[in-house]
Amino acid sequence: MNKLSYVVVTVLLACLVSDSWAEVSRVQLIPKANFTRTKSSVKAEKSLLAAKYLKETTTGPTGRYLVLHNYENVAYYGVMSIGTPKKYFNIRFDTASANLWVPSMNCPSTNVACYQHAKYDSSASSTYVANGENITIKYGTESVIGYLSTDTVRSNNIPIRSQTFMEATYVPDSFINAPYAGIWGLAFQSIAVGNVTPPLDNMIAQGQLDEPLISFYLRREGTAVQGGELIFGGIDSTLYTGSLTYVPITVEGYWQFEVTAVDTNDVTLCTDCQAIADTACPLIVVPEAAYTDINDQIGAVDNGDGFAFVSCDLQSSLPDVNFNIGGTTFTLTPSDYIVEVTDDDDNTSCMSSFTYLEGNDFWILGDVFIGKFYTVFDKGNSQIGFAPAVTS
Ligand SMILES: *[C@@H]1O[C@H](CO)[C@@H](O)[C@H](O)[C@H]1NC(C)=O
Ligand SMILES: *[C@@H]1O[C@H](CO)[C@@H](O)[C@H](O)[C@H]1NC(C)=O
Ligand SMILES: *[C@@H]1O[C@H](CO)[C@@H](O)[C@H](O)[C@H]1NC(C)=O
């Protein structure tokens, strides 16, 4: 069961997709005042807070495993550094955009999202190289504004020399209280604003990875310091069962691929549909027709904002949703796709993870999907692979 101790009202449950076709959702989440904390949730929150001040955390045999922190199952982030000496940032890894940005020392302190987070100070870094080109990165209706700079970027102590990134001088309010300072885009250069070479491409070009790919393992156990792993240059077969099913990337922009079919209750929701895998999207965004069909099949009622709710009592009787990708069936059960949301009056409601954004005709498979299925983003072979993730 996915639980959210949040009210559906105002921090984004939105998907970070850099372009204008996906409108950022207006339904947002704010922390619930005085939510009932359990001993274990308090412990997890404290560790998470402590983790904000941690240096890079590495596990695994190769040292290429970056530990991801899980924030309420809605955001996963890790630690990276920029500059010499290293300045550390919590960063959200986003496979649906292609730029790296962090707040700049030159972002005015009146900008709350900048004020709250770590900031890059080029004058403090001996490896800084000026660029100065102004760019704007759009995520749906929101924009982050700043200018380009070049420096050494590291994640897991893997150095990326001469990486160009954006120092943000304006960060929108949706980043206020976010547990991460900025975004590390992992998509293809064709969608990088300013045609900047993405960090992953430079990592590969500079020979830092054993294999030209990354893989994600996201735990679904709520807030946790050890909330998942991003493996640079490797695949860990102990983190999934069976074998990986690969399908080719259809358009190298997002990590876009074809889903052969999606069905539930023997009703086909789509055939030969285009989908993208988006690690910075908590839910699953579907085209409007599929949204209507899914809600009909699971008896969910739209709240007017592109989110649909079902009675929690009915949860166990809801149908599975099956994705046929490359000939393999990937199944989401109700406990995977139903999220419990607690509001200010302590009413618990059950939200479907299948949401809808005006104007979007792709399937955006976010953390609800990637958490269930270990995902390999294979740049070298321009393909994406999935296999059932192990649960702990
Ligand atoms: C929340 O908790 C604080 C401190 O325990 C208390 O002062 C406040 O009145 C509570 N607010 C609500 C809405 O219950
Ligand atoms: C970038 O924007 C700033 C602030 O608007 C402006 O002062 C500066 O001249 C711009 N730089 C370039 C290279 O256009
Ligand atoms: C939520 O709780 C309040 C106060 O307990 C109650 O009046 C209201 O009807 C509940 N709303 C729903 C949708 O159950």
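Being a predicted model, the structure only gives us computed values, none of them experimental. This chain uses plain numbering: 1 for the first residue, then up along the sequence. Read the numbers this way: they start at 1 and go in the same order the structure lists the ligands and their atoms.
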Following the transitive rule for hydrophobic clusters with a side-chain heavy-atom cut-off under 4.5 Å over Ile, Leu, Val, Met, Phe, Trp and Tyr, establish whether Y170 and Y180 coincide in one cluster.
no
Looking only at protein heavy atoms, identify the closest one to atom 6 (C) of ligand 2 and say how far it is in Å.
N134 ND2, 4.2 Å
Would you say the ring centroid of F188 lies under 6.0 angstrom from that of W255?
yes
For Y240 together with Y374, are the ring centres under 6.0 Å from each other?
yes
Atom 9 (O) of ligand 2 within contact range, any protein heavy atom under 4.0 Å
no
Flag atom 4 (C) of ligand 2 as yes if some protein heavy-atom distance to it falls below 4.0 Å, otherwise no.
no
Per-atom contacts of ligand 2 with G132, taking only distances under 4.0 Å to non-hydrogen atoms
13 (C)
With sequence neighbours excluded, residues passing side chain to side chain donor-acceptor pair (under 3.5 Å) with N265:
Q297
